[in-house]
Amino acid sequence: MEYYCCNFYERRGNVKEDIEKMKQMEKHQVDNKDQKMTTNMGLKISNTDDSLKAGLRGPTLLEDFHFREKITHFDHERIPERVVHARGFGAHGFFQVYESMTEYTKAKFLQDPNIKTPVFVRFSTVVGSRGSADTVRDVRGFATKFYTEEGNFDIVGNNIPVFFIQDAIKFPDVIHAVKPEPNNEIPQATSAHDTFWDFVVSTPETAHMVMWLMSDRAIPRSFRMMEGFGVNTFRFVNAQGKSRFVKFHWKPLLGVHSLLRDEAQKLCGKDPDFHRRDLWNAIEQGQYPEYEFGVQMIEEDQEFNFDFDILDPTKLWPEEMVPVKIIGKMTLNRNVDNFFAETEQVAFCPANIVPGIDFSNDPLLQGRLFSYEDTQLTRLGGPNFHEIPINRPIVPIHNNQRDGMHRMTINPGVTSYFPNTLAQNTPMPATEEEGGFVHYTEKIDGRKIRGRSESFRDFYSQATMFWNSMSIPEKKHIVDAFHYEVGSVKDKNIKQRVVDMFGNVAPDLAEQVAHRIGVNAPANTDENKVGAVSPALSQENTIKTAMTRKVAIFIENGFCTKSVMQMMDALNSAGVSSELISSHLGMVTGKDGNQLEATKDFTTADAVFYDAVYIPGGRDSIAELSKHFCTRNFINEAFHHAKSIAASDEGADFLDSTDVSSLSPSQSKIEGELETQLGVVKVKNTQDMTKFFEEFIKLISMDRHWGRNC
Ligand code: HDD
């Protein structure tokens with residue numbers, strides 16, 4: 001096979017890191033540019049448009065090997081989609097630890113801040129099939145493969161820190177319940193249907209995760225703006241053999257932000273690729289997503305110091321109780337070259353660990369250790385999927401596993417067994433000092449039993465803590481989500497049981513939902529229930545920044561060129577991108593005769609694609625804009641989605657004809673020529689627009705303006 005050898009790094013001008021994984025992947029690249037077309041056997045092809053026929057109007061001949069090869073390959077170019085997390089999107093990057101973690105773990109990639117470990121991350125939704133929309137309400141997968149010098153280490157996590165069930169044996173049940181119903185395969189990519197809620201009310205351990213699923217966390221604004229959690233409890237083990245329990249965290253440097261339900265649902269139709277497009281574009285534009293890596297650690301002798309079981313995957317370790325120690329950072333800086341070869345074929349597995357990391361007895365984790373490799377056998381067609389370039393470790397593989405479907409490696413020699421004398425007993429196991437993995441020698445003393453520990457029985461306390469920790473807008477969105485989801489259930493008995501069950505979590509939540517979905521208020525609730533609070537759970541308390549947000553700017557002929565150009569510069573300096581939108585695509589002439597290009601129009605753009613809107617002045621421009629219904633609609637939608645809006649001069653007057661005029665004047669703050677009102681900033685007749693730009697960028701960094709009651 002002829003490999004593509006031109007300079008990989010030249011094509012990827014934005015990537016500087018000379019990392020092992022990229023070099024390895026490069027060897028498998030094939031570039032067709034400037035080449036003649038061949039069959040898979042290397043024979044040059046003279047015509048690929050017409051099949052071989054008996055006469056120009058006659059039947060196609062079986063002899064046509066080119067036709068047969070082309071069609072056969074096409075017929076077989078799909079593999080089974082993942083049974084869960086089928087829709088996903090991946091990117092490459094690297095990880096660096098901030099300081100040596102020698103005290104806690106001997107994992108080599110966590111020792112030296114100078115080591116850059118290559119990573120591949122795949123984000124996903126859980127329920128929908130491969131072609132479903134990105135912005136559905138769902139848990140997001142956040143799976144990271146570290147290609148370390150001791151082999152691959154995978155953190156196969158989610159953007160929600162807890163799970164629906166406590167024992168892996170119930171995984172098929174919860175997934176069957178949430179997937180489309182089996183008789184008619186309806187509905188797609190949603191939990192808003194009877195079987196899911198039937199399972200929930202019959203399985204109270206789901207309560208905590210369902211609260212997260214109904215929260216804003218389940219409709220992220222971007223993969224770049226969500227946290228990742230390893231969920232299960234693992235161990236760190238240091239060189240002295242000391243073990244600590246650990247949970248893994250990813251914290252995005254852009255903070256945690258979400259869409260609104262209405263916005264997310266509209267995006268499903270208007271841009272089903274919203275999240276993947278956002279990630280792809282950010283990386284292409286050099287706005288590399290960054291996530292800090294954190295660990296929570298619990299000493300072995302403190303295992304029983306908590307009012308929950310630290311092995312229970314439906315419980316989180318409150319950060320105020322067990323702080324997250326930030327130990328490194330991951331940067332995603334390279335898009336894939338081929339979606340199928342990389343993103344579709346990547347195979348994660350929580351059992352992929354390295355010395356210094358080990359498992360706990362978390363019963364969900366224990367089952368996961370089996371399931372992932374098993375599923376790849378079907379999905380990737382046999383036991384050699386580790387040889388697919390994206391899955392190969394950067395260190396060599398030496399063992400006696402042989403043969404099987406699609407074997408690529410050619411192992412010479414006669415020995416494929418151990419021990420042997422013919423190859424001097426090689427490959428031979430390594431000692432611990434040589435890097436051989438030795439399982440943590442945990443003392444186990446118990447009876448063989450099919451059952452559940454009593455310490456796993458509290459299903460509601462942390463669900464209540466989650467509710468208690470939400471801000472008022474976040475609570476409102478949770479009620480709204482329950483309303484939509486449970487309101488979509490047909491069976492009235494299930495609806496009532498949802499309300500009764502969540503009455504145990506938060507009576508005020510259950511009462512509001514009951515009222516909205518037409519069932520009775522929950523029976524037997526404890527109105528005096530207090531419960532804990534964990535401020536770290538509210539997205540409101542995460543990082544706020546305008547960086548990488550996107551603004552729509554409206555222009556028609558006669559727009560004020562100066563304010564548009566200056567606004568674009570100011571936004572750009574703050575790391576905010578902007579797009580010019582007009583009633584048609586192409587050049588638009590400003591009032592000073594200069595032209596700017598509208599790259600979007602009101603047909604190809606929509607308010608839900610943007611974080612904010614700017615309406616510049618210019619008498620003729622505003623006169624033209626005001627003729628179009630869709631302009632007002634755009635502004636009204638941005639307004640009701642609590643987004644920032646800026647307008648200058650005639651643009652500010654235009655806002656009076658939109659829903660923005662419904663804001664109460666008492667909420668206005670006037671400073672000089674600047675008027676700010678719940679995320680809307682207006683300016684008129686000013687020479688120096690600097691303050692106006694600054695105020696707009698400040699508003700964008702606040703994300704949303706909930707005072708508008710959205
Ligand atoms: Fe899983 C895929 C995350 C419980 C069985 N899981 C999968 C992916 C993620 C997670 C992110 C997609 C990986 C990718 O992008 O290719 N899963 C989780 C988390 C869990 C969890 C955070 C709870 C802590 N999973 C879980 C259980 C089982 C599975 C309990 C089975 C016993 N998961 C699978 C699977 C998948 C999978 C069937 C489907 C595709 C794949 O593995 O590669 O094996």
Side-chain angles (χ1 to χ4, degrees), residues 79-92 119-130 134 138-145 152 154-179 203 205-206 208-209 212-213 217-218 220 223 226-234 247-250 275-276 279 310-317 332 336 339-340 342-352 359-381 385-386 388 390-391:
I79 58 172
E81 66 173 33
R82 288 166 175 82
V83 59
V84 282
H85 297 264
R87 182 169 178 82
F89 204 64
H92 294 269
V119 298
F120 185 76
V121 174
R122 183 173 178 273
F123 301 105
S124 49
T125 51
V126 177
V127 180
S129 55
R130 249 192 81 181
D134 279 348
D138 197 355
V139 182
R140 296 300 182 286
F142 189 139
T144 309
K145 191 180 283 297
N152 290 353
D154 293 355
I155 299 182
V156 196
N158 281 339
N159 75 330
I160 289 179
V162 289
F163 205 63
F164 290 117
I165 45 163
Q166 295 172 322
D167 191 315
I169 200 166
K170 293 214 59 63
F171 191 67
D173 297 304
V174 63
I175 298 302
H176 287 170
V178 70
K179 280 270 186 181
T203 319
E205 72 208 53
T206 56
H208 188 191
M209 179 138 175
W212 284 79
L213 184 65
R217 300 275 180 156
F223 292 140
M226 59 184 208
E227 284 177 300
F229 304 90
V231 181
N232 297 118
T233 301
F234 285 79
K247 275 198 194 281
F248 299 121
H249 293 250
W250 291 113
H275 281 151
R276 48 171 70 181
L279 184 66
I310 67 163
L311 300 185
D312 176 355
T314 65
K315 303 293 184 301
L316 51 83
W317 301 352
L332 299 181
V336 296
F339 180 89
F340 182 86
E342 300 171 63
T343 312
E344 192 58 12
Q345 293 199 106
V346 68
F348 293 93
C349 179
N352 293 345
F359 313 119
S360 74
N361 297 330
D362 169 345
L364 195 75
L365 174 61
Q366 289 288 321
R368 294 182 74 197
L369 300 180
F370 164 73
S371 182
Y372 289 71
E373 189 158 327
D374 183 46
T375 204
Q376 314 305 352
L377 297 178
T378 299
R379 196 172 74 80
L380 298 171
F385 62 87
H386 60 280
I388 298 171
I390 193 70
N391 294 325

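First listed ligand is number 1; within each ligand, the first listed atom is number 1. In this text, all values refer to a predicted model and were calculated from it rather than measured experimentally.
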D173 bridged to K170 by N-O distance under 4.0 Å: yes

More than 12 non-hydrogen atoms from neighbouring residues, nucleotides or ligands closer than 6.0 Å to CD1 on I169, yes or no? no

Mark yes or no for whether H275, through its side chain, and F89, through its backbone, hold a donor-acceptor pair below 3.5 Å. no

Whether N152 side chain and K145 backbone form a donor-acceptor pair below 3.5 Å: no

Establish, yes or no, whether the cationic atom of K247 lies under 6.0 Å from the six-membered ring centre of F229 and within 45° of the ring axis. no

Would you name the heavy atoms of A347 and N391 that are closest together and state the gap between them? N-OD1, 2.8 Å

Using a strict cut-off of under 4.0 Å between a residue heavy atom and any atom of ligand 1, list the qualifying protein residues by chain and number. R82, V83, V84, H85, R122, G141, F142, V156, G157, N158, F163, A168, F171, V231, N232, F348, L364, R368, S371, Y372, T375, Q376

